[in-house]
Amino acid sequence: MNRFLAGILVLALAALVSTDATAAEVAVRAKTIYTMEGDPITDGVVVIRDGKIAAVGAAGSVNIPSDAKVYDAEIVTPGLIDTHATVGLTGILNQKQDQDQLEHSEPIQPQLRAIDAYNAHDPLVAWVRQFGVTTVHTGHAPGELVSGQTMIIKTRGNTVNDGLVRETAAVAVTLAKSARKHGDKSPGTRGKMMSMLREALIETQTYMRKRESDDPEKKADRDFKKEVLASVLRKEVPLMVTAHRANDIANAFRLAKEFDFRLILDGAAESHLMIDEIKAAGVPVILHPMMARYYGDLENASMETAAILRDAGILVGMQSGFEGYVPKTRVVLFEAAIAAANGLGLEGALRTITIDAAKILEIDDRVGSIAVGKDGDLAFFDGDPFEYTTHCVGVLIDGQFEPGETYKQID
Amino acid sequence: MRRFWILLFTLVVIGGVSRSTLAEESTTAFVGAKIIPIVGDEIERGVLIVKGGKIVEVRATDDRKFADGTEVVDVSGKVLMPGIICTHSHIGGVGGGDGSGPLHPEVRIYDAINVRSSGFRRAVAGGLTTLNIMPGSGHLLSGQTVYVKLREARTIEDMFIMLKDGRIAGGMKMANGTNSQRGKPFPGTRGKSASLVREMFVAAQEYRDKLAKAGDDEKKRPDRDLGKEFLIEVLEGRRVVHHHTHRNDDIITVLRLANEFGFRVVLHHVSEGWMVADEIAEAGAPCSILIIDSPGGKIEARNLIFETGAILEKAGVLTAFHTDDWITDSRVFLRMAALGVRAGMSRQKALEALTMAGAKILELDDRIGSLEPNKDADFVVLDGDPFSVYTKVLQTYVEGEKVFDRSDPEDHLHAVGGFGAGHDQEPYLCCREHEDD
């Protein structure tokens, strides 16, 4: 009997799955579609087949399949991308057991993988998703010289294996006050930070040579840390360097010049003072949250920096960043809104959390715009996405619907 | 010769008066703007007339007939609303009670405020004109709070609001829940927290009774006790308690203690206030709330939601928003009320939560909180709807004096940030180190 029941259950489950599979076509009709591939489409349609965008265009020019599940929305944008977060690692509670974004036992630990610390069920993952965020670049936080790795993942899934876009997206380096130690611990100064990084990279160069040796006596044993740094020196993985002060940003460029790695500048509160240097280095900037606290390393931050960088032709992504206290996560939709109101405008600000974010993270072949062949990731809004009183009313991730903001109904 | 004396006299008078006295002598009419008076309907195109730091008239029409000598300022296409009130701020580099114990009723926060802190510049850039500056929440009672006007100030005295009885306006800051729980002499549990507070108030009651019994007899009077003197003000309802409290049961505990000792209380933060909204309403306690962009952090803020304002509104609770500045940035304070609307609050109540509700909570509603005749000329000039992200605060006026002008490069710097806008103080972040333990 038990076996019979179990059999029915399996059949029922199979039916559910197959129903899901036949509804593999999804269509979205919207008054305005911001494709981020040219001008917005008025009265547009997006069709998604098997989780990928199959068609996009003006109503009438795109055929809506008869058995497609149809959604209607006022405004549709690509699913939003948080260019640098710590969600899934920084749990919702400020208790050590719930905070996995920083390991303080050693200042240089590039071997720490984000995938080993990501909790897909942390409430903050769903929290950012309800505001349109479908992809996050998340992982080890600023706060140690080399705090560990980051990864890229969709905000929908039961485990870290679901929706993982890239296992190792970057190695996180901090050249800022937050990585400085007190007392007799290192690094205690800027000079020491740089010397420790240079030592680690030079040792990695030596290690790489010794690993290539044919002589078993001379061949180096496998070294976890150095293997990760070697992937940086081989330009397989970028270094994401969090630096706010102009002199710390200059330090990042000096280091990149010496070791020739791929650099992504992160935080960058004083990047508005370093426009020429950033252009010369040809690096993108993942800018601090617009509503970060403007003190300490960020005392010269500006809400206009995103517009200043954009106007200089520098690629800018917006981040939710990391907060040690509250809010436990910021929301890039809200942060980009402040940039929109301070010079970037709606579409400029939208770029920082869609296509330009995707370009910085080198995932623009899959996400960041609404184009045929890309992942079926969309966000629906009932008005200008950045207006305070607008709502995100839902998202599609690989064509699968997840609800947007839901508020208790007060009659 | 006579003209010389007149000239000299004029020079002496003008040279010897402050900018605010000048304002008292002139009449200014702000014409053409949409006016949101808070009390009364919004006016599509009206006139606000200011004299001597006070509002003398609010016209619901665009009638531009004025008394001779009236300075006319054209603000067509702009929006005027009352100066914004923050019922819970920590700007000015404040520090209240120290780590020596959990109760500091004798500590005055105004002894610890740096009026040159750039936080004040950012506050006026956000349209704020009145603040309740408080010590932190890491103590059961961290000290007295002070209500200030954001006038240009050389010392904190320049910002004070004086009460009719000659006292400096302010409240008393208390807290329960986890922030004040730590090692001895601080409480380790909620039960101990409440018992320490009860013990404190009972001792104050006894002190008060001894004073009353002694009457005018100097010999019978107990020695002066600074802390208890201020606690008597609390017991007599002359000093409101501003009580940090998050969890639903902590909120009820505050109401229980307020009922036992008869003090008047404003409930601050109330992250779980939505669970006990009817109980709060029944107690008649106003709430001062904030919206943070995500819930969590401390365990008692796990259930913080955007709808708290809407639920308290529905329950009929007097509710104001606060910045908790350093926790949220005063420059974007309008945003918080807009998020309240996003989650179900009415536009009117959300606007009141930035103005009139705060005025009532600080018991200054006869002076501030709305644009009405005889009230202080505290107002903000906006370039659009208060709840749009694209709207900028253009000018902020306190008692008729312009304290912020976005077109001024220095003010602009403080409004958006940039090189030189830097903070001169480390922020107050409650019990951050303590939480890491």
Side-chain angles (χ1 to χ4, degrees), chain A residues 87 90-96 98-99 123-124 127-128 131 246 269-270 272-273 289-296 298-305 308 320 323-331 334-335 337-338 340-343 345-346 384 386-391 405 407-411, chain B residues 118-119 122 274 292-299 301-302 304-307 310-311 313-315 326-329 331-332 334-345 347 385 387-392 413 415-427 429-432 435-437:
Chain A
V87 289
T90 45
I92 192 165
L93 296 178
N94 279 348
Q95 296 174 352
K96 272 189 178 159
D98 204 27
Q99 298 294 301
L124 295 178
W127 182 264
V128 299
F131 294 109
E270 293 184 4
H272 54 79
L273 302 175
M290 293 291 93
M291 290 181 283
R293 295 188 178 91
Y294 288 19
Y295 74 94
L298 281 87
E299 68 176 359
N300 295 317
S302 168
M303 294 178 185
E304 294 177 341
T305 303
I308 292 168
S320 61
E323 287 291 341
Y325 191 49
V326 290
K328 277 324 291 173
T329 183
R330 295 183 184 275
V331 178
F334 297 156
E335 301 301 332
I338 302 296
N342 284 279
L346 193 161
D384 176 340
F386 293 130
E387 277 290 12
Y388 294 143
T389 48
T390 292
H391 306 90
E405 298 166 55
Y407 296 113
K408 294 176 200 304
Q409 288 304 304
I410 303 125
D411 50 73
Chain B
S118 54
R122 287 189 297 280
W274 57 276
I292 294 182
D293 285 10
S294 60
K298 69 188 85 175
I299 194 164
R302 169 68 184 84
L304 182 138
I305 57 174
F306 282 21
E307 300 96 309
I311 292 169
E313 176 184 342
K314 169 77 174 146
W326 296 118
I327 296 299
T328 75
D329 191 327
R331 294 176 298 176
V332 290
L334 285 165
R335 168 181 185 266
M336 197 185 291
L339 293 181
V341 172
R342 185 185 191 117
M345 241 181 147
R347 176 183 167 87
D385 189 84
F387 292 152
S388 170
V389 66
Y390 301 106
T391 293
K392 300 286 190 299
L413 176 67
V416 302
F419 192 76
H423 291 180
D424 43 12
Q425 302 280 325
E426 284 289 296
L429 284 172
C430 165
C431 22
R432 185 174 178 168
E435 290 238 352
D436 288 345
D437 290 345

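- In this structure, OG on B:S294 lies 9.5 Å from CZ on A:F334, to the nearest 0.5 angstrom.
- With a 4.5 angstrom heavy-atom cutoff, B:V332 touches chain A only via side-chain atoms.
- When side chains are defined from C-beta on, A:M303 counts as touching B:R331, because their heavy atoms get closer than 4.5 Å.
- Across B:A338 and A:Y388, no two heavy atoms sit closer than the pair CB-CB, 3.4 Å.
- Heavy atoms of other residues, nucleotides or ligands lying less than 6.0 angstrom from OH of A:Y407 number more than 12.
- Both the backbone and the side chain of A:H391 have a heavy atom closer than 4.5 Å to some heavy atom of chain B.
- When heavy atoms are compared at a cutoff of 4.5 Å, A:A337 approaches chain B by way of both its backbone and its side chain.
- Of the atoms belonging to A:L346, heavy atoms from both backbone and side chain fall under 4.5 Å from chain B.
- Rounding to the nearest 0.5 Å places CD of B:E307 at 9.0 Å from CD of A:Q409.
- Within the 4.5 Å cutoff, the side chain of B:I327 has heavy atoms near those of the A:R293 side chain.
- Only the side chain of A:L273 comes within contact range of chain B, with heavy atoms under 4.5 Å apart.
- For A:T390, the part lying under 4.5 angstrom from a heavy atom of chain B is the backbone only.
- Considering only heavy-atom pairs separated by less than 4.5 Å from chain B, the leading option among A:I308, A:D98, A:L93 is A:L93.
- Residues A:N342 and B:K392 have side chains in contact (heavy-atom distance under 4.5 Å, counting atoms from C-beta outward).
- We find the NZ-CZ distance between A:K408 and B:F306 to be 13.5 Å, quoted to the nearest 0.5 Å.
- Judged by distance alone, the side chain of A:E387 and the main-chain N or O of B:V389 form a donor-acceptor pair under 3.5 Å.
- Closest non-hydrogen pair, A:S302 versus B:G418, comes out as CB-N, 3.7 Å.
- Side-chain contact between A:W127 and B:P295: present, with at least one pair of heavy atoms (C-beta onward) separated by less than 4.5 Å.
- Taking 4.5 Å as the limit, every side-chain heavy atom of A:Q95 sits out of range of all side-chain heavy atoms of B:K298.
- Only the side chain of A:E405 comes within contact range of chain B, with at least one heavy atom under 4.5 Å from a heavy atom of that chain.
- When only modelled atom types and interatomic distance are considered, B:D329 and A:Y294 share no side-chain donor-acceptor pair under 3.5 Å.
- Annotation: the span from B:Y390 atom OH to A:F386 atom CZ amounts to 6.5 Å, rounded to 0.5 Å.
- Taking CZ of B:R302 as the start and CD1 of A:I92 as the end, the distance is 3.5 Å to the nearest 0.5 Å.
- Between the B:D293 side chain and the A:V331 main chain, no donor and acceptor come within less than 3.5 Å of each other.
- In terms of heavy-atom pairs under 4.5 Å with chain A, the best-connected choice from B:S388, B:A415, B:G344 is B:S388.
- Between the CZ atom of B:F387 and the OG1 atom of A:T389 there is a distance of 9.0 Å, given to the nearest 0.5 Å.
- Contacts of B:L413 with chain A are absent, with no heavy-atom separation under 4.5 Å from either backbone or side chain.
- When each of A:Q99, A:M290, A:H272, A:M291 is scored by its heavy-atom pairs under 4.5 Å with chain B, the top score falls to A:M291.
- With a threshold of 4.5 angstrom between heavy atoms, B:A301 does not approach chain A through any atom at all.
- Counting heavy-atom pairs closer than 4.5 Å to chain B, the top residue among A:T90, A:V326, A:I338 is A:V326.
- Taking B:I292, B:L304, B:V341 one by one and counting their heavy-atom pairs under 4.5 Å with chain A, the maximum is reached by B:I292.
- Residue contact with chain B, scored on non-hydrogen atoms closer than 4.5 Å, is absent for A:A269.
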